[in-house]
S.K.: 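Quick one: the structure is below, and I'll ask about it shortly.
For the numbers below, each heavy atom of this structure counts, side chains included, while hydrogens, waters and symmetry mates do not.
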Amino acid sequence: MTHDPPHALEDLIGLGVERVLTSGGESSCLEGLPMLTRLVQQAAGRIIVVPGGGISAKNLERILSGCQATEFHASCRTRVIASSMVHRNTSVKMGAALSTPEYSYKVSEAATVS
């Protein structure tokens with residue numbers, strides 16, 4: 001994390017880093033799209049800016065066309081599988097309120113990724 005992504009990008013370039021994975025300083029790439037756009041333009045081929053965070057098949061095109069990135073990172077998780085956990089304490093919640101329900105998890109499927 002950095003309070004000044006454009007300055008940090010120049011530091012990474014100076015260190016010889018080839019790629020940087022970022023959501024544009026926000027919780028998701030859609031929220032960080034303005035900064036992602038700025039970073040891709042600033043990079044000007046000196047480093048590859050790889051958007052990552054909240055990318056799905058539904059929003060990928062909008063993100064890539066919005067910031068002109070040439071690569072991206074996504075888990076492409078779509079299918080929710082019920083947990084086989086036996087003991088369940090419904091009084092305790094783990095993780096974020098908007099995440100996958102407590103007793104299930106998402107998985108990536110080859111058809112979605114390829």
Side-chain angles (χ1 to χ4, degrees):
M1 287 211 230
T2 178
H3 68 281
D4 189 350
H7 185 243
L9 186 68
E10 292 302 325
D11 288 343
L12 293 171
I13 292 166
L15 291 167
V17 174
E18 296 179 0
R19 281 178 180 73
V20 59
L21 175 63
T22 180
S23 63
E26 299 293 340
S27 296
S28 73
C29 288
L30 280 177
E31 293 168 290
L33 193 53
M35 180 58 70
L36 285 167
T37 302
R38 179 177 174 186
L39 294 174
V40 169
Q41 290 172 349
Q42 177 185 340
R46 299 175 296 154
I47 188 172
I48 299 169
V49 176
V50 182
I55 294 179
S56 68
K58 292 180 181 178
N59 64 23
L60 176 61
E61 184 58 39
R62 180 175 170 198
I63 293 166
L64 293 183
S65 66
C67 69
Q68 300 298 306
T70 56
E71 297 181 11
F72 69 96
H73 169 78
S75 65
C76 298
R77 294 179 296 174
T78 56
R79 193 166 56 115
V80 176
I81 297 178
S83 170
S84 58
M85 185 181 214
V86 177
H87 175 73
R88 297 181 181 208
N89 182 347
T90 56
S91 300
V92 179
K93 301 287 183 209
M94 294 175 60
L98 298 177
S99 64
T100 305
E102 187 76 20
Y103 299 108
S104 62
Y105 58 95
K106 289 184 174 182
V107 296
S108 300
E109 297 184 279
T112 304
V113 177
S114 52

S.K.: Could you tell me if the side chain of His7 sits less than 4.5 Å from the side chain of Thr2, heavy atoms only?
M.R.: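 Thr2 vs His7: side chains apart.
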S.K.: Would you say that Phe72 contacts Leu60 through its side chain, given a criterion of any heavy-atom pair below 4.5 Å between the two side chains?
M.R.: yes
S.K.: How many angstroms lie between atom CG of Leu33 and atom OG of Ser23, to the nearest 0.5 angstrom?
M.R.: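 Taking CG in Leu33 and OG in Ser23, the distance rounds to 11.5 Å.
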S.K.: With sequence neighbours left out, which residue pairs that include part of residues 37-48 fulfil the side chain to side chain donor-acceptor pair (under 3.5 Å) condition?
M.R.: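 As it turns out, the side chain to side chain donor-acceptor pair (under 3.5 Å) pairs with a partner in residues 37-48, which skip direct neighbours, are Glu10-Gln42, Glu10-Arg46.
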S.K.: Taking only distance into account, with no hydrogens and no angle test, what donor-acceptor pairs under 3.5 Å do side-chain atoms of residues 51-58 form with protein atoms, sequence neighbours excluded?
M.R.:
unit_1, atom_1, unit_2, atom_2, d
Ser56, OG, Lys58, N, 3.3
Ser56, OG, Asn59, N, 3.4

S.K.: So which residues get pulled into Val20's cluster when ILVMFWY side chains under 4.5 Å apart are joined, directly or through others?
M.R.: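 Via sub-4.5 Å side-chain contacts, Val20 links to Leu9, Leu12, Ile13, Leu15, Val17, Met35, Leu36, Leu39, Val40, Ile47, Val49.
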S.K.: Using the side chain to side chain contact (heavy atoms under 4.5 Å, CB included) criterion, which residues pair with His3? Sequence neighbours excluded.
M.R.: none
S.K.: Any pair with a residue in residues 26-35 that passes side chain to side chain donor-acceptor pair (under 3.5 Å), sequence neighbours left out, goes on the list, sorted by first then second residue, please.
M.R.: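 Checked against side chain to side chain donor-acceptor pair (under 3.5 Å) - neighbours excluded - the pairs reaching residues 26-35 are Ser28-Glu31.
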S.K.: Does Ile48 sit in a hydrophobic cluster with other residues, and if so which ones, taking ILVMFWY side chains as linked at heavy-atom separations under 4.5 Å, directly or through other members?
M.R.: Leu21, Val50
